[in-house]
Amino acid sequence: MLHILRHSPHAQSCFASCLRTINAGQSLLLIEDAVYGLFPGTSSRSALEYLPATVRLYALDVDLQARGLALDDVPTRATIINYAMMVELTVEHHKVVSW
Amino acid sequence: MLHILRHSPHAQSCFASCLRTINAGQSLLLIEDAVYGLFPGTSSRSALEYLPATVRLYALDVDLQARGLALDDVPTRATIINYAMMVELTVEHHKVVSW
Amino acid sequence: MKSLLVISRHPPTRRQAREALDVVLSAAAFGVPCGILFMDDGVFQLLKGQDAALIDQKSLAANLQALSLYGVEDILVCQHSLGERGLQVSQCILDARVMNNAELAGLIEHYDQVLSL
Amino acid sequence: MKSLLVISRHPPTRRQAREALDVVLSAAAFGVPCGILFMDDGVFQLLKGQDAALIDQKSLAANLQALSLYGVEDILVCQHSLGERGLQVSQCILDARVMNNAELAGLIEHYDQVLSL
Amino acid sequence: MNFAIALLAGPQDPAARSALEFARAVLASGHRISRLFFYRDAVQLASALGVQPQDEKDISAEWREFIAEHQLDAVVCIAAALRRGILNKAEADRWDRPVANTDAPWEFSGLGQWVDALQTADRAITFGT
Amino acid sequence: MNFAIALLAGPQDPAARSALEFARAVLASGHRISRLFFYRDAVQLASALGVQPQDEKDISAEWREFIAEHQLDAVVCIAAALRRGILNKAEADRWDRPVANTDAPWEFSGLGQWVDALQTADRAITFGT
């Protein structure tokens, strides 16, 4: 299952709600303002890093760069993808939940 | 100065932001979804109760009742007002800040 | 038929709450096995004693009551969200089943499709 | 003239951010003594290295640079909001003055009118 | 006292109702409203095309009647309105759009009208932030 | 694979762009889009009256061109649209409104079209929650 989060961790309770319901072995893709969750030194980044090791973490390249997060600053466990790869991700996962 | 808060404490960072900037001697009026902040047993209610004693706290009657908060459950330091009294409040205060 | 879970996350005074219920009721009317999970500020939709007419809104109660009439099987509420808001399930107008975090994860896995509205 | 403080609270990719800047610039153009305070997700508007064109948006940079050209005196940023977001003032494109909570309360008292946008 | 009242949220938001109730209470208390200013999604209130279910209130119609009845100065921000597809006849002609979807009592003007109202009113209050 | 794509947020929200870029990538990857469904504020994308500044992209126009070019099934939720003042000719006539503000390639229909798309598509994805 692929979870897609789009809201800023600071503005919307769905960031935390999504993290509470992610199971081991699932995937999480951050798009739009949810990429702010990856900023170094934030509690949201810690929460993302503490996800079970089997959770695969992705972030959309243009949304990161548009918002000023240097790709070098993205945690190593996160894979940076483009829209074509996002399509592939949705094909690989039977189910997509957008938060 | 009169602060007016309208957003749910759970959905918007402005609830906390407003509380951080309230000075002693000012007033705070809760309208719309901000009245959820008065529900017993919540951290937002504690935050409201811990405001300096000189901060006057108000809540709009129809917004409380529409959302199912019994008027008896409103903390004693909060004054329940209607729209006519809200107009009076804005007259008494030189400045109104809506959060 | 693919089963559908709708996660309803907005407070009752927002248009989104009504539009989330409309989706569940539509799907149920088409015979889709449906569930609805109230989460975040969506749990306020279930609170007893609301009087939406005071702010010139139509009550959500009729739409909520319609859920079981339309055969929506799972009516669920997030325990964590209730707790954060100082609410207990006894204050809910529907007979909603309380789900803890582990159960929520299982629930979302169980349904074929999940819409967060 | 009554002085005006605009509190800009939305991230840069939202229309609200641009519309908050438009209000400050309009007021300044009419000769109103103005300040702008970036707070909550609004502090992201100031971050260096953004490339809004990648998501087909117009950059906010021109509007932000216009603030001082239009004579907006106080360009301020909330310390608490920066900290929560892992940001430092050195990462800001404008020379914004950092305000702690006590200073914010004084600032809001100082202005004749305050709009949170 | 003279009140300037601004609304930022659209017809779907409870703030559209709060602002109207407050405005009614201002007049009922014997005060005046020097200007209403509609910005951001609140410009949608000016649309004449909304169709509400029969058992629900039409907040847009209520605003229109309130403004007309009290002959209030109700300014829709032109820039916000153009972006959101709210056009009066003059703007539809100017931008070569086939039809308009709003008309009097709503007036189209710039942010300067809000700035002016903030300067001249005794009290300024904003809804729908 | 067949994709059903729903959009819930309006033209002012970055999600309107994300959904379009994703839809383009779906077709570029050789997959199909069985239906686009526009709900909540996303129905505003169907308005033909929006006027954007010359130096900004017109997301509404881009969606319209994308839908027309690929002859996609693009359904606007009729109930959401009526509430928000988005009317095609048939609805304007039915509800006795003076003008319409949308037209083909947008189609008006009910939530059943989304339910149907969710049932029949291989993958369903929602933007703008």
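Any value given below was found using the heavy atoms of this structure, including those in side chains, with hydrogens, waters and symmetry copies removed. In the text below, chain A, chain B and the rest are named by the order of the sequence lines, each starting its count at 1.
Proximity to chain D (any heavy atom under 4.5 Å) is shown, for E:R123, by neither the backbone nor the side chain. Of the atoms belonging to D:A28, not a single heavy atom falls under 4.5 Å from chain E. Contact annotation for D:R15: only side-chain heavy atoms (C-beta onward) come within less than 4.5 Å of a heavy atom of chain E. Looking at E:L8, the atoms closer than 4.5 Å to chain D (heavy atoms on both sides) all sit in the side chain, from C-beta outward. Proximity to chain E involves both the backbone and the side chain of D:D22, based on heavy atoms less than 4.5 angstrom apart.
Between chain D and the options E:L118, E:V115, E:D116, E:T126, heavy-atom pairs under 4.5 Å are most frequent for E:L118. The most heavy-atom pairs under 4.5 Å with chain E, out of D:L4, D:V32, D:L117, come from D:L117.
Atom CZ of E:F66 has more than 12 neighbouring heavy atoms from other residues, nucleotides or ligands inside a 6.0 Å radius. Within a 6.0 Å sphere centred on CG of D:N101, heavy atoms belonging to other residues, nucleotides or ligands number more than 12. In D:K58, the NZ atom is crowded: over 12 heavy atoms of neighbouring residues, nucleotides or ligands sit closer than 6.0 Å. A 6.0 Å sphere centred on CG of E:D96 holds no more than 12 heavy atoms belonging to other residues, nucleotides or ligands.
Note that OG1 of E:T120 and NZ of D:K2 are 7.0 Å apart. Values are rounded to the nearest 0.5 Å. To the nearest 0.5 Å, atom CD of residue D:Q16 and atom CG of residue E:D41 are 7.5 Å apart.
Smallest separation of non-hydrogen atoms from E:A124 and D:Q113: CB-NE2, 3.8 Å.
Side chain of D:E19 to backbone of E:A80: no donor-acceptor contact under 3.5 angstrom is found.
At least one side-chain heavy atom of D:L115 sits less than 4.5 Å from a side-chain heavy atom of E:W114.
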